[in-house]
Colleague: 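Have a look at the structure that comes next, please.
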Amino acid sequence: MNDVHLHPHPDHTPGSLGPVVAVVAVGGAVGALLRYGLSRLWRNGSDASLLWHTGSAAFPWTTVVVNVLGCFLMGVLTVALKERFTRAPRLLNPLLGTGVLGGFTTFSSYTDDVRRLLENGQPGTAVASMVVTVAGALAGVALGTALARLALTGRRLRRDADGPPAARSGPGRPDGGV
């Protein structure tokens, strides 16, 4: 698997971290603007009032959707940069991953939504929001990774009986596939 990580993580390379900080800041601004633009599609900010019930007692579906979508895109990005486009510029991952997708996803709103629901006397809805968001985010990144791997590399994952998932094909894989 040495071929997968052609570039070391930008935080672990010698030299100034200034370029990494700069691309994360620019990407974060772009991601936050994208999230803001998405929230403006609906009248009530982070609540999708045209699609579902809104207000202080509403389940925070927009926050869930934004976070699941962001995690799905992170799965796609990870496969794209680490397995398909391995010679991409080293600052592309911090720009798009930490920056754009970090600014787009809104786990701060997630915690604020839970606080709001608890303050409104809705502990069941608050717990449901926590569970749905975390489960959806994990499912999103797993699905994004699997679909991107299939689309970009033609490989699927299989689970070995005695170990972690392994790629079905490719040089240097446990199954010796070509």
Side-chain angles (χ1 to χ4, degrees), residues 9-11 20-85 88 91-153 155-159 164-165:
H9 191 279
D11 289 349
V20 176
V21 171
V23 299
V24 168
V26 168
V30 169
L33 287 170
L34 289 170
R35 181 180 70 234
Y36 176 75
L38 184 61
S39 75
R40 298 304 297 165
L41 292 175
W42 300 291
R43 278 176 284 187
N44 196 18
S46 67
D47 291 322
S49 61
L50 297 178
L51 301 177
W52 41 69
H53 174 71
T54 62
S56 61
F59 189 87
W61 283 112
T62 304
T63 303
V64 172
V65 169
V66 164
N67 287 332
V68 171
L69 176 61
C71 289
F72 173 85
L73 293 173
M74 182 58 80
V76 171
L77 177 68
T78 299
V79 170
L81 294 181
K82 300 295 182 186
E83 297 181 26
R84 177 67 173 92
F85 304 104
L91 294 177
L92 195 57
N93 191 30
L95 170 71
L96 297 176
T98 306
V100 173
L101 293 176
F104 178 70
T105 55
T106 176
F107 282 90
S108 59
S109 289
Y110 156 72
T111 57
D112 191 53
D113 290 337
V114 170
R115 178 206 49 80
R116 175 185 47 81
L117 291 167
L118 288 171
E119 286 179 357
N120 286 338
Q122 298 174 277
T125 305
V127 170
S129 174
M130 289 188 293
V131 170
V132 167
T133 299
V134 172
L138 291 172
V141 77
L143 183 62
T145 299
L147 291 177
R149 185 166 284 132
L150 185 61
L152 296 174
T153 68
R155 291 186 289 137
R156 294 182 303 181
L157 287 182
R158 67 173 169 79
R159 186 167 294 279

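Atoms considered below: every heavy atom in the structure, side chains included; atoms not considered: hydrogens, waters and symmetry mates.
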Colleague: Which heavy atom in A88 sits nearest to a heavy atom in L81, and how many Å separate them?
Modeller: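 For A88 and L81, the tightest heavy-atom pair comes out as CB-CD2, 3.8 Å.
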Colleague: Measure up the Y110 and F107 rings against each other and bin them: parallel (under 30°), tilted (30 to 60°), perpendicular (over 60°).
Modeller: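 The arrangement is perpendicular - the two ring planes meet at more than 60°.
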Colleague: Only one of L147, T145, V141 passes side chain to side chain contact (heavy atoms under 4.5 Å, CB included) with L143; say which it is.
Modeller: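 For L143, the side chain to side chain contact (heavy atoms under 4.5 Å, CB included) test succeeds with only one of L147, T145, V141, which is L147.
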Colleague: Partners of R84 by salt bridge (Lys or Arg N to Asp or Glu O under 4.0 Å), sequence neighbours excluded?
Modeller: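 For R84, no residue satisfies salt bridge (Lys or Arg N to Asp or Glu O under 4.0 Å) once neighbours in sequence are set aside.
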Colleague: Could you give the distance from OG1 (T105) to CG (L34), rounded to the nearest 0.5 Å?
Modeller: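 Nearest 0.5 Å value for the OG1-CG distance: 11.5 Å.
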Colleague: Taking C-beta and beyond as the side chain, do L117 and P60 meet within less than 4.5 Å on heavy atoms?
Modeller: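 They are in side-chain contact.
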Colleague: Got a donor-acceptor contact below 3.5 angstrom from the N67 side chain to the T106 backbone?
Modeller: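 Indeed, once roles are kept as given, a pair shorter than 3.5 Å links the two residues.
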Colleague: Which distance, rounded to the nearest 0.5 Å, do you find between the CE of M130 and the OG1 of T125?
Modeller: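 Taking CE in M130 and OG1 in T125, the distance rounds to 11.0 Å.
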Colleague: Among side-chain atoms of D113 and T63, is any donor-acceptor pair under 3.5 angstrom?
Modeller: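 A donor-acceptor contact under 3.5 Å links the two side chains.
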Colleague: Looking only at heavy atoms, which two atoms of L91 and V23 are closest? And how far apart?
Modeller: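 Looks like O-CG2, 3.8 Å.
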Colleague: Atom OG1 of T153 and atom CD of E83: how far apart are they, to the nearest 0.5 Å?
Modeller: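 So the OG1 of T153 and the CD of E83 are separated by 5.5 Å.
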Colleague: Could you point out which residue of V30, V66, L33 forms a side chain to side chain contact (heavy atoms under 4.5 Å, CB included) with F104?
Modeller: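 Result: among V30, V66, L33, V66 is the only option passing the side chain to side chain contact (heavy atoms under 4.5 Å, CB included) with F104.
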Colleague: Output the distance between atom CZ (F72) and atom CG (L77), rounded to the nearest 0.5 Å.
Modeller: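 The CG atom of L77 is 12.0 Å from CZ of F72, to the nearest 0.5 Å.
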Colleague: State the CG-OG1 distance between L69 and T62, to the nearest 0.5 angstrom.
Modeller: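 The OG1 atom of T62 is 12.0 Å from CG of L69, to the nearest 0.5 Å.
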Colleague: Hey, does V132 have a side-chain heavy atom less than 4.5 Å from the side chain of F59?
Modeller: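 Heavy-atom side-chain distance check passes, below 4.5 Å.
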Colleague: Quick one: closest heavy-atom pair of V24 and P94, and the distance?
Modeller: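 Closest approach of V24 to P94: CG2-O, 3.6 Å.
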Colleague: Could you tell me the separation between the CE atom of M74 and the CG atom of N93, rounded to the nearest 0.5 Å?
Modeller: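 Between M74 CE and N93 CG, I get 7.0 Å after rounding to 0.5 Å.
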